[in-house]
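Everything quoted here is computed from the prediction, not taken from an experiment. Lettering follows sequence order; numbering is per chain, from 1.
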There are 2 protein chains.
Amino acid sequence: MNIGEAAKASGVTAKMIRYYESTGLLRPAVRRSNGYRDYGAVDVHELRFIRRARGLGFDMAEIAELLSLWRDRDRASRDVHRVASGHIDVLQTRIAELKGMVDTLSTLVACCHGDGRPDCPILSDLGGGIDTGQPLERAKRR
Amino acid sequence: MNIGEAAKASGVTAKMIRYYESTGLLRPAVRRSNGYRDYGAVDVHELRFIRRARGLGFDMAEIAELLSLWRDRDRASRDVHRVASGHIDVLQTRIAELKGMVDTLSTLVACCHGDGRPDCPILSDLGGGIDTGQPLERAKRR
DNA sequence: GCTTGACCTTACCATAGTGGGAAGGTCCAT
DNA sequence: ATGGACCTTCCCACTATGGTAAGGTCAAGC
């Protein structure tokens, strides 16, 4: 199977398949005599695995760990459980952060009359907001 | 005021102050004869504004818009209201996405006995998950 | 056999926001 | 004058993804 077919079959772009290989997440694909990568059913299965895990917000490091557990027929489900639970915690922290932002913003928006007049509590707050003096917390990514 | 003092006073690192200037978010700072940037109270105020807006999850483009509205004494609060409301929508979409992930993962984690045995519904799901065949939705960032 | 188009290969660039560091200039206190 | 704490610019790294360009390959149709 060519990379394009594997891409269609897995829902992972050819671009990303090569990238995953380059970072070591995937083992180097078998090459045919013409240099083309050759994929089989197992590879497509792994690609689907990665795609699904990405959709659940796991990052590459976590996926590498999950993938190696997945390949190991003797893994302990405890390990998988741990990775997944840890990820839920991260997601929930992120949700809480976002909710905090929404709360603050909603309050401000509700106080702003939103018409042609220039006075606006949203800008007043941004300009004079309570300042902790601490460096801005580094943004978390999915 | 040197950039370091402005950084301390605003909570924005010197590094980021220079970056904001380089991207045009901030106007080029006044330079002293030795080439050092020189900041005043207004600048610190703008830096705090940016810092606070970043903390609310606005991206640079949105902050640029908010900042120009903030500088404009004749702005219509309607415009600010629009930007802020739009941002709330984005945040809420992001929250919904994350919640969906948590829901799925929680279900899987609850089904996994998490002991020494190798069978694990989390991995089974990742490996055989329902496949839409659609390319993976591009990850949204805060 | 030749052309054409669809595919493959590698390699480089961009994104957004932040941190890190090097190499060199400046200022101030001792 | 020496040292340390600043400042300057410039370049690199990160994540995960997309884009593009230059060139090789294959298969179908003529």
Side-chain angles (χ1 to χ4, degrees), chain A residues 1-26 28-39 43 47 50-64 67 87 90 94 97 134-142, chain B residues 1-26 28-39 43 47 50-65 67 87 90 94 97 101 134-142:
Chain A
M1 207 187 325
N2 277 348
I3 196 171
E5 298 167 286
K8 256 175 225 144
S10 65
V12 179
T13 63
K15 197 87 190 189
M16 290 314 296
I17 296 176
R18 295 193 196 98
Y19 172 69
Y20 293 150
E21 181 183 316
S22 81
T23 60
L25 182 64
L26 294 176
V30 171
R31 300 296 184 125
R32 286 205 297 257
S33 55
N34 58 11
Y36 286 18
R37 289 172 179 83
D38 196 8
Y39 297 95
D43 303 298
L47 287 168
I50 294 172
R51 179 172 179 272
R52 180 124 173 89
R54 286 292 300 135
L56 289 174
F58 288 98
D59 63 23
M60 306 304 288
E62 289 167 323
I63 294 178
L67 207 46
H87 185 57
V90 170
R94 221 169 290 178
E97 285 177 356
Q134 299 310 307
L136 189 53
E137 192 183 352
R138 190 182 164 81
K140 310 295 190 305
R141 305 199 178 68
R142 73 124 81 170
Chain B
M1 208 188 320
N2 277 349
I3 195 172
E5 297 168 286
K8 254 175 228 147
S10 65
V12 179
T13 64
K15 199 88 189 189
M16 292 312 298
I17 297 176
R18 295 194 196 96
Y19 172 71
Y20 293 151
E21 181 183 315
S22 80
T23 61
L25 183 64
L26 294 176
V30 171
R31 299 296 184 124
R32 286 205 296 258
S33 55
N34 57 9
Y36 286 17
R37 289 174 180 81
D38 195 10
Y39 296 94
D43 303 297
L47 286 169
I50 293 171
R51 178 172 181 272
R52 181 127 172 87
R54 287 291 300 137
L56 289 173
F58 288 98
D59 62 23
M60 307 304 289
E62 289 168 322
I63 293 178
E65 191 170 358
L67 206 47
H87 186 57
V90 171
R94 224 168 289 179
E97 285 177 356
M101 297 180 196
Q134 298 308 307
L136 188 53
E137 190 184 352
R138 190 183 164 80
K140 309 296 191 303
R141 306 201 179 66
R142 71 117 81 173

query = Which part of the nucleic acid does R31(B) contact within heavy-atom distance under 4.0 Å: base, sugar-phosphate only, or nothing?
reply =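 If one applies the 4.0 Å heavy-atom cut-off, R31(B) turns out to touch the sugar-phosphate alone, with no base involved.
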
inquiry  = Regarding R18(A), tell me which of base, sugar-phosphate or nothing describes its non-hydrogen contacts under 4.0 Å with the strands shown.
reply    = base

task = Please report the shortest heavy-atom distance between H87(B) and L56(B), naming the atom on each side.
result = NE2-O, 3.0 Å

ask   = Taking the side chain of R37(B) as heavy atoms from C-beta outward, which of dC7(D), dT9(D), dT9(C) is closest to it?
value =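 Of the candidates, dT9(D) comes closest.
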
ask   = Hey, is the side chain of Y19(A) pairing donor to acceptor with the base of dG18(D) inside 3.5 Å?
value = no

message = Taking donor-acceptor contacts at under 3.5 Å, does the side chain of K15(B) reach the base of dG17(C)?
response = no

Phosphate oxygens OP1/OP2 of [N]: is one of them under 4.0 Å from a side-chain N or O of [X]?
| X | N | result |
| --- | --- | --- |
| T13(A) | dG18(D) | yes |
| Y20(A) | dT17(D) | yes |
| R54(A) | dT17(D) | yes |

How long is the line joining [atom1] of [X] and [atom2] of [N], in whole Å?
| X | N | atom1 | atom2 | result |
| --- | --- | --- | --- | --- |
| I63(A) | dT15(D) | CD1 | P | 13 Å |
| E21(A) | dC8(C) | CD | C1' | 13 Å |
| L47(B) | dT18(C) | CG | C1' | 16 Å |
| I17(B) | dT18(C) | CD1 | C1' | 14 Å |
| M16(A) | dT15(C) | CE | P | 18 Å |
| E62(B) | dA16(C) | CD | P | 13 Å |
| R32(B) | dT8(D) | CZ | C1' | 13 Å |
| I50(B) | dA16(C) | CD1 | P | 16 Å |

Measure the shortest side-chain to side-chain distance between [X] and [Y] over non-hydrogen atoms and say whether it is less than 4.5 angstrom.
| X | Y | answer |
| --- | --- | --- |
| R37(A) | N2(A) | no |
| I50(A) | L26(A) | yes |
| Y20(B) | V12(B) | yes |

message = With nearest nucleotide decided by heavy atoms, which residue, A14(A) or S33(B), maps closer to the 5′ end of DNA chain C?
response = A14(A)

key: DNA chain D: 5'-proximal contact among N2(B) and Y36(A) (nearest heavy atom)   =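 This one resolves to N2(B).
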
note = Sorted by position of nearest nucleotide on DNA chain D, 5' first, the leading residue of M60(A) and N34(A) is M60(A)

request  = Rounded to the nearest 0.5 Å, what's the gap from CD on E5(B) to OG on S10(B)? Could you check?
outcome  = 11.5 Å

